[in-house]
Structures are given as structure tokens and as C-alpha cells.
Chemist: 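Attaching a single structure in C-alpha cells format; questions to follow.
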Protein chains: 2
Amino acid sequence: MIGVRSKIWFAIRGSPLIGQGRRDLLVYIDRFGSISAASREMGISYRKAWSSIQAMEECLGKKLIVRRRGGRDGGTASLTDVAKELIAKYDRVAGGLSELIDHRFEEVVKEQGKIH
Amino acid sequence: MIGVRSKIWFAIRGSPLIGQGRRDLLVYIDRFGSISAASREMGISYRKAWSSIQAMEECLGKKLIVRRRGGRDGGTASLTDVAKELIAKYDRVAGGLSELIDHRFEEVVKEQGKIH
DNA sequence: ATTCGATATGCCATATTTGCATAACGCTCG
DNA sequence: CGAGCGTTATGCAAATATGGCATATCGAAT
């Protein structure tokens, strides 16, 4: 019934730079080649995806996405090297933490007590 | 410049039960003997403290605080055994995680790259 | 009965998030 | 060279979450 959840994110001067959701968005953009395809696949609105990218780039002060408007497909988007580095570093810090926390939680919650 | 932050909390059916802030609130209530004294010491409004307690008790379906209105001091508040158990379990799951994450972050961020 | 400081709660202002609608863009193809 | 297409880009309003102010309520001590 009771469970544990966690979040981990990078921040600059207190403002959030990237967490799991934004990290996933970048990966989806890399995979599907456009912001709109990525948002469709993730089940979020294009508006939300675009706002997230805007916030990340403004926070970091560097371009994360190369945008191209026009063309037969209407446009495309791809990741800069900075974005790829950011994903890699986030993954190395956050990787496996959720499993570690779940494991700790199971150890604690299986004990006797009034909470189950 | 860039830093890492994290949160960990218990949840029931998706709704948050307790995180660091609410855990601290319970500890302060235990220490100072009233909700209002606890909120003063924490620098939050009584309204916010009360709402947090309300949300926790409704989420868990058990009383966490014993409230007493009236008396020379106007009233008092103390923790139930359930609340004490909840604090202890939260601390054992969350304890030291922030340091672990900080350590991982330092390892990753000291490397070469475009992000500093 | 009065007093006191705490608990309890309604109400509203503000901030944040979310979704809708639409403009702007530019490559491609006829 | 103009029309068409699907994307990027953005204003705006609705919905939701957050937080503070004001005030009612309570009950033991005196």
C-alpha cells in the first residue's frame, strides 16, 4: 500500500535544469528527430515539451536542441553535444538510485509496526 | 555553479504522505509541544503546518498528532506512536542519501566537458 | 465568568501548470 | 514560383496548486 518515491535533478542557482522527465524528453527527441514526435510518443503536449526545452536552455545558457523549420517533413530537431553530455552525466548520477531506495524501503517496511 | 538536488518521500496510492519538510515539522512539534510553536520555529505559517498535518493524517488514515485545546498555554500538541514510527522509518530510508548523491555528482562533474 | 494562547477553517490573492488556438517558417513538389 | 505540408514558436486563457490573512472555536486555569 505505502511506497517510496524520489526525484533527483541538476540545478543552477536554485532553478531546475534537468530531471528525469526532461532527460527522457531529450532522449526521445534524439530518437524520433523532432520535438512534436517526441511529445506525442511521451504523451505530453507539444507546449509542455517546448516550454521544458526553453527552460533548460535559458537555465544553462547553452543550446541543447538544433531546430530546423520547413522542409517536406515540416521540420526536425536534434541534440547538440552539450545535450548529449548532459544526459550522460545525469544518467551517471541518477542511475540505479531508484533501485537502491526501493531496496532500503523494503528492508524498513517489512519490519513490525503500525504502518504497512 | 551547477549542483544536484534530490527529494525522497513516502506515498500512498500516488498521493504524498511524508517528505523531508513534513518529517521536520513532526520533529519540531515533538520538540516544542505545539503546532504553532513548531511553525514559528520553522519559519512557516501555522496554516501551512496545519494543512500538512491534515494531508498526512488523511492520506495515512491514522492520527499522527494528539491535539489539546484550552488550558493556560492555550493548548498543546504531541506525536502519536504512529508518527514516531513514521519519522524513524523515513529517516532510515532517506538517511545519508543526499551525501551519497552529492558524492556521485562530484565524481561526474569534475570530468572534462562543456558543462561545469 | 474572564482570559489566554492554541487549534481549526473559510476565503481570497497569487503563483504555477496545462491545454487550446494560431501564427510563422521554409523545404518540396508540381 | 506559388501552394501545401508538418513542424517550430508563442500568446492567452483555463485549471490547479500554493500560501497568507482573518477570524471563529475551544477549554483549562484563575
Side-chain angles (χ1 to χ4, degrees), chain A residues 5 7 9 11 13-22 24-26 28-59 62-80 83, chain B residues 5 7 9 11-22 24-59 62-80 83:
Chain A
R5 299 202 54 188
K7 286 183 195 241
W9 70 98
R13 292 179 303 274
S15 61
L17 171 60
I18 187 172
Q20 189 64 43
R22 290 177 177 183
D24 290 345
L25 175 61
L26 293 181
Y28 272 67
I29 290 171
D30 191 43
R31 180 181 309 165
F32 293 102
S34 81
I35 299 175
S36 83
S39 62
R40 268 198 308 275
E41 295 291 331
M42 289 186 71
I44 65 176
S45 68
Y46 174 85
R47 188 70 179 82
K48 181 174 170 61
W50 188 88
S51 298
S52 297
I53 296 169
Q54 184 75 3
M56 282 189 278
E57 292 187 334
E58 185 178 345
C59 180
K62 295 179 189 296
K63 296 278 290 181
L64 295 174
I65 307 290
V66 178
R67 293 114 148 145
R68 302 177 201 84
R69 287 197 288 198
R72 173 162 48 182
D73 297 331
T76 60
S78 57
L79 302 189
T80 64
Chain B
R5 300 202 54 189
K7 286 183 195 242
W9 69 98
I12 295 181
R13 291 179 303 274
S15 59
L17 171 60
I18 187 172
Q20 190 64 43
R22 291 178 176 181
D24 290 346
L25 175 61
L26 293 181
V27 170
Y28 272 67
I29 290 171
D30 191 43
R31 181 181 307 165
F32 294 102
S34 80
I35 298 173
S36 84
S39 62
R40 267 199 309 276
E41 294 293 331
M42 289 185 70
I44 65 176
S45 68
Y46 175 86
R47 187 71 179 82
K48 178 175 172 60
W50 188 88
S51 298
S52 297
I53 296 169
Q54 184 75 2
M56 281 190 277
E57 292 187 332
E58 184 179 345
C59 180
K62 296 179 189 298
K63 296 279 291 181
L64 295 174
I65 307 290
V66 178
R67 292 116 149 146
R68 302 178 201 83
R69 288 197 288 197
R72 173 162 47 182
D73 297 332
T76 60
S78 57
L79 302 188
T80 64

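Residue numbers start from 1 in every chain, and the chains themselves are labelled A, B, ... in the order their sequence lines are given, proteins ahead of strands.
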Chemist: Does any N or O donor sit under 3.5 Å from an N or O acceptor when you compare the side chain of A:R47 with the base of D:dG11?
Modeler: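 Check passes, donor-acceptor contact within cut-off.
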Chemist: I need the CZ-C1' distance between A:R68 and C:dT28, as an integer number of Å.
Modeler: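 For the pair A:R68 CZ and C:dT28 C1', the rounded distance is 17 Å.
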Chemist: Taking atom types as modelled, find out whether A:R67 and A:T76 have a side-chain donor-acceptor pair closer than 3.5 angstrom.
Modeler: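 The criterion, which ignores hydrogens and geometry beyond distance, is not satisfied for A:T76 and A:R67.
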Chemist: Side chain of B:Y46 only, please: which of C:dA8, D:dG11, C:dA6 is the nearest?
Modeler: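 Minimum distance to the B:Y46 side chain belongs to C:dA8.
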Chemist: Out of D:dG20, C:dG19, D:dT10, which has the shortest distance to the side chain of A:W50?
Modeler: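 Within the option list, the nearest is D:dT10.
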Chemist: Answer yes or no: does a side-chain N or O of B:S45 lie under 4.0 Å from OP1 or OP2 of D:dG20?
Modeler: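 B:S45 to D:dG20 OP1/OP2: side-chain N or O found under 4.0 Å.
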Chemist: Is the side chain of A:E57 donor-acceptor paired with the backbone N or O of A:L64 at a distance under 3.5 Å, no angle test?
Modeler: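 A pair under 3.5 Å: yes.
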Chemist: Quick one: do A:Q20 and A:K7 satisfy side-chain contact (heavy atoms from CB on, under 4.5 Å)? Show the steps, please.
Modeler: CA-CA 8 Å; A:Q20 189 64 43; A:K7 286 183 195 241; over 6 Å; no
Chemist: Please state how far atom CG in A:D73 lies from atom C1' in D:dG4, giving the value in whole angstrom units.
Modeler: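 So the two atoms are 13 Å apart, to the nearest Å.
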Chemist: Tell me which of A:G71 and A:S36 sits closer to the 5' end of DNA chain D, going by the nucleotide each one is nearest to.
Modeler: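 Upstream on the strand: A:G71.
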Chemist: Look at the side-chain N and O atoms of B:R67 and state whether any lies under 4.0 Å from the OP1 or OP2 oxygen of C:dA8.
Modeler: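 Yes, B:R67 has a side-chain N/O under 4.0 Å of OP1/OP2 on C:dA8.
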Chemist: Rounded to whole Å, how long is the line connecting atom NZ of B:K63 with atom C1' of C:dA8?
Modeler: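 After rounding, the reported distance stands at 12 Å.
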Chemist: Nearest whole Å is fine: how far is C:dG26 P from A:R72 CZ?
Modeler: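 Taking CZ of A:R72 and P of C:dG26, I get 19 Å after rounding.
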Chemist: What is the distance from CD1 of B:I35 to C1' of D:dT25, rounded to the nearest Å?
Modeler: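 These atoms are roughly 14 Å apart.
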Chemist: Using a 4.0 Å heavy-atom cut-off, does A:A37 contact any base of the nucleic acid, only the sugar-phosphate backbone, or nothing at all?
Modeler: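 No contact.
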Chemist: Check whether the side chains of A:S78 and A:R68 place a donor and an acceptor atom closer than 3.5 Å, and report yes or no.
Modeler: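 Yes.
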Chemist: Taking only the side-chain heavy atoms of B:R69 (C-beta and beyond), determine which of C:dT7, D:dT7, D:dG19 contains the nearest atom.
Modeler: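 Output: C:dT7.
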Chemist: Going through the distances and angles, do B:I35 and B:L25 end up as a side-chain contact (heavy atoms from CB on, under 4.5 Å)?
Modeler: CA-CA 8 Å; B:I35 298 173; B:L25 175 61; 5.6 Å; no
Chemist: How is A:G74 classified with respect to the nucleic acid when contacts are heavy atoms under 4.0 Å: base, sugar-phosphate, or nothing?
Modeler: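 Base, at least one base atom sits under 4.0 Å.
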Chemist: Can you tell me how far C1' of D:dG19 sits from CD of B:Q54, to the nearest Å?
Modeler: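 Going from B:Q54 (CD) to D:dG19 (C1'), I get 16 Å.
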Chemist: For the pair made of CD1 in B:I29 and C1' in C:dT7, what is the distance, rounded to whole Å?
Modeler: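 Going from CD1 in B:I29 over to C1' in C:dT7 covers 12 Å.
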Chemist: 5'-most contact on DNA chain C: A:K48 or B:G75, nearest heavy atom basis?
Modeler: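 Here B:G75 is the residue nearer the 5' end.
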